[in-house]
Protein chains: 2
Amino acid sequence: MLAGMAWNTEETKRKLKEAAVAEFAAHGLGGTTMERIARRAGVNKERLYTYFGDKPQLFATVLADELNKVAAAVPLDHLDGPEAVARYAGSVYEYHAEHPELTRLLLWEGLLDLPEVPDEASRTDYYRTKVAAFARAQQSNAISDRLPAADLAFLVLALAGWWYAVPQMARMMHADSSSTPASAKAALMQAALHLATPSK
Amino acid sequence: MLAGMAWNTEETKRKLKEAAVAEFAAHGLGGTTMERIARRAGVNKERLYTYFGDKPQLFATVLADELNKVAAAVPLDHLDGPEAVARYAGSVYEYHAEHPELTRLLLWEGLLDLPEVPDEASRTDYYRTKVAAFARAQQSNAISDRLPAADLAFLVLALAGWWYAVPQMARMMHADSSSTPASAKAALMQAALHLATPSK
DNA sequence: TGCATCTCCAACGCAACCGTTGGAGATCTG
DNA sequence: CAGATCTCCAACGGTTGCGTTGGAGATGCA
């Protein structure tokens, strides 16, 4: 049934999704055309519709896929102190630097302000585990508890993500200083460290 | 020449720009149609082209206008201590809450990743004054100097802006806690305070 | 009042894109 | 090899949106 097919349907799907990630990340939902996704994948446009439905559905599929990837790539198990929070912030920044598509997809999605997002349940669950890790660390006095765990976790992600959300602002604010991706990462880790350090 | 005209050209321009802000903020450059802007303003589409040029030019005009507004609305003159930084962060958050269009326009712009941004010179200048205010406060030991002034200023803006950049993430991360706009503001002000407080 | 000028708009040409369809070719089954 | 089934695609209809144009109405000027 599905073994030994010469026309390679799984491979075709994979190529289409890969192309869709690139196009959607670059141009958003409105700016992307199905035509270009298909052409980039070297596949006929019609395959998109039979495999993935219409354009919004494809966008949702692609975004869910990328989120699953980041969940696997940047685990957050145990926070044994402020330094662990700083390292986590650095990892997130690093992941964004290497996979700018995900950030951009998230931002496109945020701007669409849908009442419900695709895969809402599993994503809520994903974030809940992050918040829970922060909460546990607070309860054991390993990190500061002056902020609610959800706020602290959210703000740490803000520090790491803002560079990619408004790159034009980052560029203009650092116009006359000598700033590099490395110094940006160091700065945000320093900031995360202080947010997580308990008061004496 | 320009007094006493029965057909009210300045008013028409104003209405078109107002409609354009709303449409571009809601749907971005790609998702907005000139037709809908004109219809929302109650004016014929052709006026857009004679007054503002094509769609990208209109977008640039509208964004520059909104940035001038925020520059006037949230001044940052003198930072005499960490509390002033926290208040500034709170004001920025507040402004975003009341004028979500600006944030959204900035984010749409960021996603377009143009090599150069409209009004680049004056905007760079605008950010430079913000950074300079932070730098002065650092030199007089009023606030922490463990981060470069540009990074500190940028990260403070990150704290205030991230809620509006990824509202879906904010919602999901705070799913099971009781979180309000007021508590979000309090959290980010607390965070800004700690980033700006000098080490002993 | 005749002429020039300016504001405004309905209607249009044109291009792009969405989503579909009819059918060609490849693979399995008997 | 004949028939059924599946993958793939070139071509198409219909819609939408961009940017323009030709002209109608309102105003200033001689």
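Reminder, nothing fancy here: chain letters follow the sequence lines and each chain counts from 1.
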> So, is the end of the B:Arg123 side chain (NZ or CZ) under 6.0 Å from the ring centre of B:Tyr126 and within 45° of the ring's axis?
Replying inline: no

Only pairs under 3.5 Å count here: list side-chain donor-acceptor contacts from residues 90-105 of chain A, not counting sequence neighbours, and write none if there are none.
unit_1	atom_1	unit_2	atom_2	d
A:Ser91	OG	A:Arg87	O	3.0
A:Glu94	OE1	A:Lys185	NZ	2.6
A:Arg104	NE	A:Ala25	O	2.7
A:Arg104	NH2	A:Ala25	O	3.0
A:Arg104	NH2	A:Ala26	O	3.2
A:Arg104	NH2	B:Leu111	O	2.6

Between [N] ([atom2]) and [X] ([atom1]): distance, integer Å:
{"X": "B:Leu16", "N": "C:dC8", "atom1": "CG", "atom2": "C1'", "result": "11 Å"}
{"X": "B:Glu10", "N": "C:dC8", "atom1": "CD", "atom2": "C1'", "result": "15 Å"}
{"X": "A:Lys45", "N": "C:dT21", "atom1": "NZ", "atom2": "C1'", "result": "12 Å"}
{"X": "A:His27", "N": "C:dC17", "atom1": "NE2", "atom2": "C1'", "result": "15 Å"}
{"X": "B:Leu29", "N": "D:dC18", "atom1": "CG", "atom2": "C1'", "result": "12 Å"}

> Any ion pair linking A:Glu120 and B:Arg171 (charged N to carboxylate O, less than 4.0 Å)?
Replying inline: yes

> Salt-bridged, B:Lys15 to B:Glu18, with N to O below 4.0 Å?
Replying inline: no

> Using the ring of each side chain (for Trp, its six-membered ring), is B:Phe59 parallel, tilted or perpendicular to B:Phe24, with breaks at 30° and 60°?
Replying inline: perpendicular

>> Parallel, tilted or perpendicular, judged at 30° and 60°: which one describes the rings of A:Trp162 and B:Trp162?
In response: perpendicular

>> Whether the A:His194 and B:Arg146 side chains hold a donor-acceptor pair (N or O, under 3.5 Å, no angle test) is what I'd like checked.
In response: yes

> Which of residues 46-60 of chain B have a heavy atom under 4.0 Å from DNA chain C?
Replying inline: B:Glu46, B:Arg47, B:Tyr51

>> Taking 4.0 Å as the cut-off, does a side-chain nitrogen or oxygen of A:Thr12 come that near to OP1 or OP2 on D:dC8?
In response: yes

>> Tell me which residues in residues 35-44 of chain A lie within less than 4.0 Å of DNA chain D, going by non-hydrogen atoms.
In response: A:Val43, A:Asn44

> Between A:Gln138 (side chain) and A:Leu147 (backbone), is there a donor-acceptor pair under 3.5 Å?
Replying inline: yes

